[in-house]
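Counting from 1, the numbers follow the sequence of the chain as shown. Please read all numbers here as calculations on a predicted model, not as lab measurements.
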Amino acid sequence: MAEPAEWQRFFPPAVEVKKTEKFGRGIYASQKILRGTEILRSEPFVCVLDTDERENYCNFCLKAKTEKLKPFEAVPPRDLDLKKCSQCKFVWYCGKECQKNDWHLHKDECKMLAKADTVCLQSQILVHMDHIMLARLLIRMQKKNEEKVTQIQPLPDTAKFEMDLLYPNRSTLTECIERDDATLVTQALEQLQKQMETHTKPEELSELFYKLKVNVHGVLNDLCEHIGFGIYTGPSLLNHSCDPNCYRVYDGRTFILRAVKTIQPGEQLFISYISMLTTYKQRQAKLWETYHFRCHCHRCVSECQKSSPYHIMYAAIGDISDEEKEAIMEEGFSTIEEVDRMGHRQIVTVCQQLAEKYKDVLHPANILTLKVFNKLRRVFTELQEEDSKILEAMKMVVGSYKYYPFKLEDYDYGIQLLDLGSLQMLMERFDQSRKTFTESIEVLSVVVGPHHPLTVLARKSQDIVARKLHLRH
């Protein structure tokens, strides 16, 4: 395992790497970091778009083919003319400059991508992007032989060093292999090794695969929607908390870490690997399934205690036992999961029934109430229902969020406010809209940054409202 000193080259002076018995390696503040500060930027060691997003984003800069605007925006989207690589027909570029900038890597992977794709489809356990990511990692490390025929050579020392820095360690790796079907994994990796003509040892290939599995970061677009995966060597040290003090955002393929709380010297930097808008049981299940660990952060330890500020997420109305409340919430969450497989109109019916059923039982801040109305909000928007219906659902969602102790550090709250302000503006409720946009800007400026496209959109929308109010008066 690499020592902390070997990691320091990945980080600015404001942070340092330490190793503790409880957390292993982690990133710590070496000086006071104020809320809203951009802490670091990192380029990917390897990066890949989701299969169904390859035609929607430039393979180099990750610029979107169609500009993603929020609901209720009247400006038509701007389209880029993406062109696919004429040789592999697998990746797309927004222009010659990006294709040229990517060529130093893509020229060696071009002939391999189609083969890697074939192997993916033959696998029964490895997801498509796992194969592409591993193939791209190996291709990045390749060298050309004298005959100029692409052959993948044993991993060079510098590449080995950077991958050796990553978890899992040997015991964690063994647990991952035991958890999965080791035979299927081995067969799939052997197919990949054969198709790509790599001389990398099978055990080394297997270890690389599992390191990818547990160290990968989801790459997000301007709306913080998932579009791919990347290995970011330095940020891979960021440990998880269900109440984090940092948030990750992306500028194209560049990873940006921002402080959403003021961090004192010596404090560890945490991000949340999963959505914060989930219950204790849901978070623990997701973390175990995906990352193979249980969380023991202060939120998880205290959340179910009535004295905890997080307990509001489980609040009920009237005389109801904890057992009854838990049964009601489990039933409700199970129904919410099932509605995703229904048609829009059926979703509306089921969610309205749930809202009516729980209105005299669950507190408006209960997380199940929020989930129900958020589902209604999204479906109403997609169905282009009357604005009044969408508005009422949005107000319920934002109203629930206002009770939550982490609301000012959560991107989702900022985006809910932006949506609500946009609809209020469309309905010419300009006084309400201006206040809502102000709240949205305050949250988004901290979480994603003052120059992020979402924050800029909120600020522009606020200016439009101000002009309309001026004309009215």
Side-chain angles (χ1 to χ4, degrees), residues 67-75 77 221-225 247 249 260 275-277 312-313 336 344 347-348 351-352 354-355 359 362-450 452-469 472:
E67 186 176 8
K68 301 257 184 173
L69 295 175
K70 295 310 297 172
F72 318 117
E73 281 296 304
V75 181
N221 64 12
D222 286 346
L223 294 183
C224 295
E225 299 168 333
Y247 186 79
V249 67
V260 295
S275 171
M276 294 192 290
L277 201 61
I312 190 69
M313 298 171 67
I336 286 293
H344 280 21
I347 292 175
V348 170
C351 286
Q352 287 177 332
L354 288 175
K359 70 176 183 179
L362 300 181
H363 191 279
N366 189 287
I367 190 171
L368 178 57
T369 303
L370 185 150
K371 294 282 188 180
V372 169
F373 280 99
N374 199 35
K375 186 72 68 175
L376 275 173
R377 175 190 76 89
R378 291 177 178 175
V379 175
F380 282 156
T381 302
E382 291 174 10
L383 288 173
Q384 298 182 334
E385 285 280 5
E386 297 93 334
D387 292 338
S388 57
K389 287 186 178 181
I390 304 173
L391 180 65
E392 287 307 307
M394 278 187 175
K395 288 170 67 175
M396 288 297 296
V397 172
V398 172
S400 297
Y401 239 123
K402 287 183 181 294
Y403 289 96
Y404 296 166
F406 53 77
K407 62 180 180 294
L408 296 181
E409 294 93 43
D410 192 0
Y411 156 82
D412 284 330
Y413 182 55
I415 207 68
Q416 298 283 4
L417 288 168
L418 179 56
D419 282 353
L420 177 58
S422 299
L423 181 57
Q424 289 169 334
M425 178 173 65
L426 187 68
M427 297 177 70
E428 298 186 355
R429 301 185 182 189
F430 298 128
D431 285 320
Q432 298 174 14
S433 179
R434 181 172 58 178
K435 293 177 182 178
T436 305
F437 281 135
T438 299
E439 290 184 71
S440 176
I441 293 168
E442 290 174 354
V443 175
L444 293 174
S445 294
V446 170
V447 180
V448 298
H452 189 277
L454 285 173
T455 313
V456 172
L457 175 60
R459 197 175 290 114
K460 286 181 177 178
S461 300
Q462 186 185 50
D463 291 342
I464 293 172
V465 170
R467 287 197 297 271
K468 290 183 178 293
L469 284 171
R472 176 177 287 183

statement: Residue set satisfying side chain to side chain donor-acceptor pair (under 3.5 Å) with Q462, at least two apart, ordered chain then number -> T438
message: Treating T369 as the side-chain partner and P364 as the backbone partner, does any N or O pair qualify as donor plus acceptor under 3.5 Å?
response: no
- prompt: Side chains of Y403 and H363: closer than 4.5 Å at any heavy-atom pair?
  reply: yes
- request: Could you tell me which residues satisfy ring pair (Phe, Tyr, Trp, His ring centres under 6.0 Å) with H452, sequence neighbours excluded, listed by chain and number?
  value: none
query: Is K402 salt-bridged to E439, cutoff N-O under 4.0 Å?
result: yes
- request: List for me each residue that meets ring pair (Phe, Tyr, Trp, His ring centres under 6.0 Å) alongside Y413, sequence neighbours excluded, and say none if there are none.
  value: Y401
Backbone of A365 reached by a side-chain donor or acceptor of Y404 within 3.5 Å: yes
message: Any heavy-atom pair between the side chains of V372 and K375 that's under 4.5 Å?
response: no
- prompt: So, S433 side chain and G421 main chain: donor-acceptor pair closer than 3.5 Å or not?
  reply: yes
- prompt: Excluding sequence neighbours, so at least two apart, what forms side chain to side chain donor-acceptor pair (under 3.5 Å) with E382?
  reply: H344
Beyond-backbone contact of F430 with E428, side-chain heavy atoms, under 4.5 angstrom: yes
field: Close side-chain approach of L423 and I390, heavy atoms under 4.5 Å
entry: yes
- prompt: What residues, two or more places apart in sequence or in another chain, satisfy side chain to side chain donor-acceptor pair (under 3.5 Å) together with Q424?
  reply: T436
Close side-chain approach of T381 to D419, heavy-atom, < 4.5 Å: no
query: Do Q352 and L376 touch side chain to side chain, with heavy atoms closer than 4.5 Å?
result: yes
- request: Only counting residues at least two apart or in another chain, list the ones meeting side chain to side chain donor-acceptor pair (under 3.5 Å) with K371.
  value: none
